[in-house]
Amino acid sequence: MNKFYITTPIFYPTSAPHIGTAYNVFVADTLARYFRAKLGDQNVFFLTGTDEHGTKLAKSAEAAGKTPIEFVDELSALYDQTWKDLGISHDFFIRTTNPVHEKFAQDLLQKSFDNGDIYEKSYEGLYCEGCESFKTDSEIVDGKCPDHPTKTLVQLSEKNYFFRLSKYQDWLLEYLEQNKEFVFPSKWYDYVVGLVKEGLNDVSISRESVKWGIPVPFDPSQTIYVWYDALPNYLSVFNFDEVKAKGFTDEFWPEARHFVGKDILKFHAILWPAMLKSAGLPLPAQVLVHGHFTVGGVKLGKSNGNAIDPLELKKKYPVDAIRYSLLTEFQLGNDGDFSVERLEALYNGVLGNNYGNLLNRVIHLSNKKQVEINNHAKVDSEFKAQVDEFRTKVEGYFDAYEIKLAADTINELSTFGNKYIDENKPWLETDNAKVENVLNNLSYLLSVVNTLYSPILPEATAKAIEALKNREVIILFPKLDENK
RNA sequence: CGCGGGGUAGAGCAGAGGUAGCUCGUCAGGCUCAUAACCUGAAGGUCGUCCGUUCGAUUCGGACCCCCGCAACCA
């Protein structure tokens with residue numbers, strides 16, 4: 001792998017970003033930063049954006065007294081700005097209302113239409129006039145639409161275009177069996193294989209009643225429905241002039257990694273590959289799957305009052321503290337829980353006491369004893385070998401997307417440094433050559449810790465690297481006061 | 001018998017066929033260079049329950065109990 005292309009889902013901006021979407025973006029950002037350091041900036045492309053069509057958005061816009069495009073202009077800007085405020089390093093922010101994307105989505109659909117994978121069928125179902133959309137059985141509560149309980153659901157039929165997903169079942173199963181890494185972690189691979197084996201049904205990919213959407217190229221009375229509109233963003237992005245100008249081309253496509261929540265896994269691992277195959281296009285490299293976490297033990301949701309705004313959280317905690325907590329609380333693919341209590345404990349303990357404090361111990365002592373540090377050529381070979389062993393282990397974890405295990409191991413290296421300084425007691429040593437040897441060794445260890453932590457803690461490590469270089473004492477992680 | 005995930009120290013989480021680990025917390029020492037930080041030691045687990053495979057299982061297989069997602073026209 002000499003290129004790395006990571007995507008987040010494009011978010012549906014009916015409201016501001018919350019902690020769950022931030023988690024996804026933080027992980028993608030961490031991987032992007034790690035691979036930039038490994039492969040070079042020009043070989044990593046990191047994409048995020050917003051999915052801006054559909055009835056729900058049109059309704060939200062109406063409720064806000066705005067036109068749909070005014071509404072999505074504002075919200076997509078809010079998303080882009082939120083990620084920038086959180087220090088996210090995305091290379092481009094894509095919007096599905098951009099004509100470049102719309103054209104690409106239409107072309108993709110047209111290709112499938114031309115080769116016979118799209119057909120017309122009437123769809124019958126219960127329609128809610130309040131939502132202006134059909135309701136599935138699982139959406140209906142007590143025979144009513146939960147959002148409009150006073151209105152009666154009516155049986156309606158509508159002409160739809162369908163995609164022959166069923167045609168690709170055998171092909172997909174074979175593809176999955178030959179590409180066991182296509183979905184990661186493996187438990188989610190197993191889940192996808194199970195779904196495909198159960199059988200794939202054709203899916204409706206257009207709507208007559210939805211006006212806020214991309215027109216179906218071969219029937220402008222219809223608009224393209226959700227996934228056929230949204231998923232192509234990962235590829236349409238390479239048609240944008242700004243993206244081309246930065247040197248990102250579809251050469252990145254075969255190395256694409258889609259980072260998605262388990263809720264939308266099947267669309268990325270089943271529908272999307274079939275859409276691409278139908279259009280004669282190559283598949284992405286991998287779908288990386290994350291679980292869902294609760295906040296203080298409660299499922300995320302507006303109705304639960306815990307849809308935390310990451311920018312609000314940032315007012316109270318450094319971004320690195322939020323990142324560290326979210327990235328290390330659970331492994332990729334697993335569900336977990338997020339709480340500010342844990343965040344504070346990790347920040348004060350792991351970051352402040354173990355890492356930040358070690359940095360200062362070394363800098364303080366080296367200044368006090370006036371010895372040379374940061375001379376990597378003079379590091380004891382045995383000590384260096386031990387540190388490098390940690391480094392190799394951590395890099396292996398990053399390569400395998402195991403951010404939590406990487407972070408845990410970096411913390412072990414930091415602990416190793418604290419033990420080393422305690423055992424050698426350079427503050428008691430009168431022989432300056434010995435002191436210099438110990439502290440110089442530690443300065444090497446710290447440089448490795450800084451580098452390894454940098455994808456996870458970009459702000460703090462940037463400061464730490466400067467502080468070590470200039471031998472300036474710095475409080476990297478000021479203690480969090482629980483009363484703050 | 002719809003599919004899948006999970007049940008490991010007070011809490012949050014790793015792990016792996018063969019003395020059960022990490023972070024936080026608790027207790028007792030040590031140190032004093034450092035962000036009242038650091039180091040050492042201790043307490044605390046029959047690794048959900050019951051069978052089976054094995055010389056040996058918490059790790060593999062089966063059954064069961066409990067919790068949680070999904071079940072495909074869900075934005």
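Heavy-atom basis, side chains included; hydrogens, waters and symmetry copies ignored. This one's a predicted model, so the numbers in the text were calculated from it and none came from an experiment. Lettering of chains follows the sequences in order, A, B, ..., and the numbering in each one begins at 1.
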* Any donor-acceptor N or O pair under 3.5 Å, side chains A:N233, A:T96 ->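 There is no such pair (donor and acceptor under 3.5 Å, judged by atom type) between the side chains of A:N233 and A:T96.
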* How many Å lie between CG on A:L468 and P on B:A34, as a whole number? ->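 Rounding to the nearest Å, CG of A:L468 and P of B:A34 are 17 Å apart.
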* What's the CZ-P distance between A:F162 and B:A72, to the nearest Å? ->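 Taking CZ of A:F162 and P of B:A72, I get 14 Å after rounding.
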* Under 3.5 Å, is there a donor-acceptor pair between the side chain of A:R323 and the main chain of A:L457? ->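 Answer holds: no.
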* To do: Can you run through RNA chain B from 5' to 3' and write each base as (, ), [, ], | or . depending on how it pairs? Watson-Crick or G-U wobble, both distances under 3.5 Å.
  => .((((((..((((....[..)))).(((((.......))))).....(((((..]....))))))))))).....
* Which pairs, with at least one residue in residues 179-189 of chain A and sequence neighbours excluded, count as a side chain to side chain donor-acceptor pair (under 3.5 Å)? ->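 Of all non-adjacent pairs touching residues 179-189 of chain A, those that pass side chain to side chain donor-acceptor pair (under 3.5 Å) are A:K187-A:N334.
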* Asked: Partners of A:K211 by salt bridge (charged side-chain N to carboxylate O under 4.0 Å, His left out), sequence neighbours excluded?
  ->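 With neighbours one apart ignored, the set is empty.
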For [X], all residues meeting side chain to side chain contact (heavy atoms under 4.5 Å, CB included), sequence neighbours excluded:
{"X": "A:F113", "answer": "A:Q110, A:I118, A:F218"}
{"X": "A:K469", "answer": "A:E466"}
{"X": "A:D380", "answer": "A:F383, A:N437, A:N441"}
{"X": "A:D170", "answer": "none"}

* Ignoring backbone atoms, establish whether A:K368 has a side-chain N or O less than 4.0 Å from OP1 or OP2 of B:A34. =>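 False: A:K368 side-chain N/O out of range (4.0 Å or more) of B:A34 OP1/OP2.
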Identify the pairs formed between an N or O of the protein and an N or O of nucleotides 25-30 of chain B at a distance under 3.5 Å, and give each distance.
none

* Not counting sequence neighbours, which residues clear ring-ring contact (aromatic ring centres under 6.0 Å, His included) with A:Y324? List them please. =>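 Checked A:Y324 against ring-ring contact (aromatic ring centres under 6.0 Å, His included); zero matches.
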* State which residues pass ring-ring contact (aromatic ring centres under 6.0 Å, His included) with A:H101; sequence neighbours excluded, sorted by chain then number. =>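 Not a single residue meets the ring-ring contact (aromatic ring centres under 6.0 Å, His included) criterion with A:H101.
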* Can you give one letter per nucleotide of nucleotides 1-8 of chain B, 5' to 3': B if a protein heavy atom sits under 4.0 Å from the base, S if only from the sugar-phosphate, - if neither? -> --S-S---
* Asked: Within 45° of the ring axis of A:F71 and under 6.0 Å from its six-membered ring centre, is that where the NZ or CZ of A:K66 lies?
  ->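 Here A:K66 fails the 6.0 Å and 45° test against A:F71.
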* Mind listing the residues from residues 423-445 of chain A sitting with a heavy atom below 4.0 Å of RNA chain B? Number order is fine. =>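 Here the set is A:W427, A:L428.
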* **5' precedence on RNA chain B between A:K404 and A:P478 (nearest-nucleotide basis)** =>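 Closest to the 5' end, via its nearest nucleotide, is A:K404.
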* Asked: Heavy atoms, side chains only, cut-off 4.5 Å: are A:F11 and A:Y79 in contact?
  ->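 Contact flag for A:F11/A:Y79 side chains = yes.
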* To do: Please work out which of the three classes, parallel, tilted or perpendicular, describes the rings of A:F390 and A:F416, given edges at 30° and 60°.
  =>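 Answer is tilted, since the angle falls between 30° and 60°.
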